[in-house]
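One structure below.
All values below come from the heavy atoms of this structure, side chains included, with hydrogens, waters and symmetry mates left out. Quick caveat: nothing in here was measured; it's all calculated off a predicted structure. Chain naming here is simple, since letters A, B, ... match the order of the sequence lines and numbering starts at 1 in each.
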There are 2 protein chains.
Amino acid sequence: MTSSTTSSTINGTTKTWQAIQAEVRKRINARLWKPGALIPHEADLALEFGCARATVNRALRGLAEEGLLTRQRRAGTRVALNPVRHARFEIPVIRSEIEGRGQSFGFAILKRETLVPPPDVRARLKTGAKVALLHLETLYTADGAPHVFEDRWINLAAVPSIDEETFVTISPNEWLVREVPFDGGDFTFSALAATSKQAALLACELGQGLLVLDRSTHNAQAVVTSVRLIFHAGYRMHTQI
Amino acid sequence: MTSSTTSSTINGTTKTWQAIQAEVRKRINARLWKPGALIPHEADLALEFGCARATVNRALRGLAEEGLLTRQRRAGTRVALNPVRHARFEIPVIRSEIEGRGQSFGFAILKRETLVPPPDVRARLKTGAKVALLHLETLYTADGAPHVFEDRWINLAAVPSIDEETFVTISPNEWLVREVPFDGGDFTFSALAATSKQAALLACELGQGLLVLDRSTHNAQAVVTSVRLIFHAGYRMHTQI
DNA sequence: GAGTGGTCTAGACCACGTT
DNA sequence: ACGTGGTCTAGACCACTCT
């Protein structure tokens with residue numbers, strides 16, 4: 001038997017950090033280490049598992065990042081009281097999402113203008129009262145059917161070269177992902193009932209519930225873009241942990 | 001000046017893994033290393049930065065987990081073509097969320113019954129056609145105002161001791177988090193327009209858009225619980241990356 | 001076959017918060 | 001003050017995969 005997978009337990013003596021992590025998980029689930037309780041030091045565990053302390057550290061760090069453990073310098077490591085689970089969902093790159101389902105992707109620029117935005121948009125982008133921004137309205141389609149309506153404002157100061165882009169072959173979404181590096185962003189999920197305009201755009205009935213994702217992305221200097229995505233009726237955004 | 005923070009650059013010679021990570025980020029953002037391009041080996045970088053290879057590894061591993069880099073054994077490390085950003089948002093523990101805003105938390109069990117569920121719920125929980133489950137309907141309130149309506153099914157086989165719980169002092173949500181360890185789950189965001197029943201429960205107008213979160217959690221053995229949360233009108237779920 | 005990332009070790013020093 | 005996690009090192013071997 002040449003069974004030597006990456007995570008292995010050798011005669012009960014744990015070696016890899018994955019195996020140690022699994023063992024710790026087991027003890028937590030079995031309530032051997034109860035929520036809120038202190039678990040042994042890294043040094044003790046290293047001794048028990050017959051490995052280096054760094055290996056134990058690697059295992060426990062992962063569990064702490066998951067939220068299963070709470071670690072503090074002098075205080076030691078505790079089992080988290082409420083396992084604060086972090087869901088990690090991928091930010092949908094619209095084209096990949098559609099083509100990944102085997103559908104054909106399309107988009108149409110409905111509006112393109114440069115003007116001083118309304119106050120709420122100014123607040124989100126943190127721009128002055130007289131600064132004009134690029135405003136784009138785009139409809140993305142899957143197999144020709146409306147998929148999502150995008151209402152986007154772009155900070156021209158942060159993305160000067162966008163003036164030369166016509167968005168004939170590449171969508172605003174992809175162009176920005178490709179051309180503008182960003183450090184972070186805010187995401188907000190909400191819901192609304194379709195107005196007549198939205199119902200017409202997204203080919204749904206008046207008043208249907210629509211999922212909305214507001215998102216603004218920024219880099220070190222400024223807020224680059226703020227966008228509202230209104231998805232077609234029945235759209236579900238799915239993720240796992 | 002005693003400026004010795006955790007992430008520091010010493011005379012241009014980078015030492016900590018955080019500093020190395022920041023430097024690599026800078027080079028990617030500055031397009032010094034372009035998307036899709038191969039970056040130097042760990043060994044080379046270690047030499048350049050004057051540190052051990054393990055330190056470089058630590059820095060690059062983090063960036064790979066973020067999705068900014070793609071690493072393969074023999075092939076080397078590349079800058080990711082489409083920075084597949086994944087947002088990491090905390091699963092809201094309802095009580096913490098409400099109390100964290102300084103509001104008072106409350107809940108009321110509206111329905112409690114044990115019966116064989118409809119087919120769609122059976123499918124989600126992967127239970128047989130004759131297996132009875134616990135069904136709970138709960139309304140959570142913030143400062144007395146409706147916050148979220150919870151429609152939950154619980155697999156009694158996975159959580160036997162729940163029959164003795166009256167949910168007078170602890171909500172179903174918290175009880176499950178506390179008593180049942182779980183390994184993973186599915187999350188689905190969607191939206192609906194309030195029915196008259198929902199409008200009455202959540203004190204909103206008929207037809208308002210409501211955010212919906214469907215979630216099922218499982219452990220190694222079985223699906224433990226499946227729940228639909230319907231949030232009050234105007235609710236926004238926010239996260240950052 | 002050979003090169004690259006993945007991991008482990010044994011030891012060391014440091015940062016930080018509890019005591 | 002002191003104990004615990006956080007990190008770094010220098011070296012080693014392994015796993016994977018591209019050529």
Just the rounded figure in Å: distance from [atom2] of [N] to [atom1] of [X].
X: A:Arg58; N: D:dC8; atom1: CZ; atom2: P; result: 14 Å
X: A:Trp17; N: C:dG5; atom1: CH2; atom2: P; result: 18 Å
X: A:Arg78; N: C:dG17; atom1: CZ; atom2: C1'; result: 13 Å
X: A:Gln21; N: C:dC8; atom1: CD; atom2: C1'; result: 16 Å
X: B:Ile20; N: D:dT7; atom1: CD1; atom2: P; result: 13 Å
X: A:Leu60; N: D:dT7; atom1: CG; atom2: P; result: 13 Å
X: A:Arg73; N: D:dT4; atom1: CZ; atom2: C1'; result: 9 Å

Any [X] side-chain N or O less than 4.0 Å from OP1/OP2 of [N]:
X: A:Gln18; N: C:dG6; value: no
X: B:Asn57; N: C:dG5; value: no
X: A:Arg74; N: D:dC2; value: no
X: A:Gln72; N: C:dC16; value: no
X: A:Thr77; N: D:dG5; value: yes
X: B:Thr55; N: D:dT9; value: yes
X: B:Arg71; N: C:dT4; value: no

[X]-[Y] side chain donor-acceptor pair, cut-off 3.5 Å:
X: A:Arg71; Y: A:Thr77; answer: yes
X: B:Arg152; Y: B:Thr138; answer: no
X: B:Arg124; Y: B:Ser216; answer: no

Next item on the list: Remember a base hit wins even if backbone is also touched, and classify A:Arg61 as base, sugar-phosphate or nothing at under 4.0 Å, heavy atoms.
Entry: nothing
Item checked: Heavy-atom donor-acceptor pair, A:Glu150 side chain to A:Leu229 backbone, under 3.5 Å -> no
Check: Hey, is the main chain of B:Gly36 close enough, under 3.5 Å, to the side chain of B:Arg78 for a donor-acceptor pair?
Finding: yes
Note to self: Filter on salt bridge (Lys or Arg N to Asp or Glu O under 4.0 Å), then keep only pairs touching residues 153-165 of chain A, sequence neighbours left out; what's left?
What the structure shows: none
Margin query: Between B:Phe107 and B:His147 (judged by ring centroids, cut-off 6.0 Å), do the two rings come close enough to count as a pair?
Written below: no
Note to self: Ignoring hydrogens and geometry beyond distance, is the side chain of A:Arg53 in donor-acceptor contact with the base of D:dG6 at under 3.5 Å?
What the structure shows: yes
Item checked: Interface with DNA chain D, restricted to residues 37-47 of chain A and to heavy atoms under 4.0 Å -> A:His41, A:Glu42
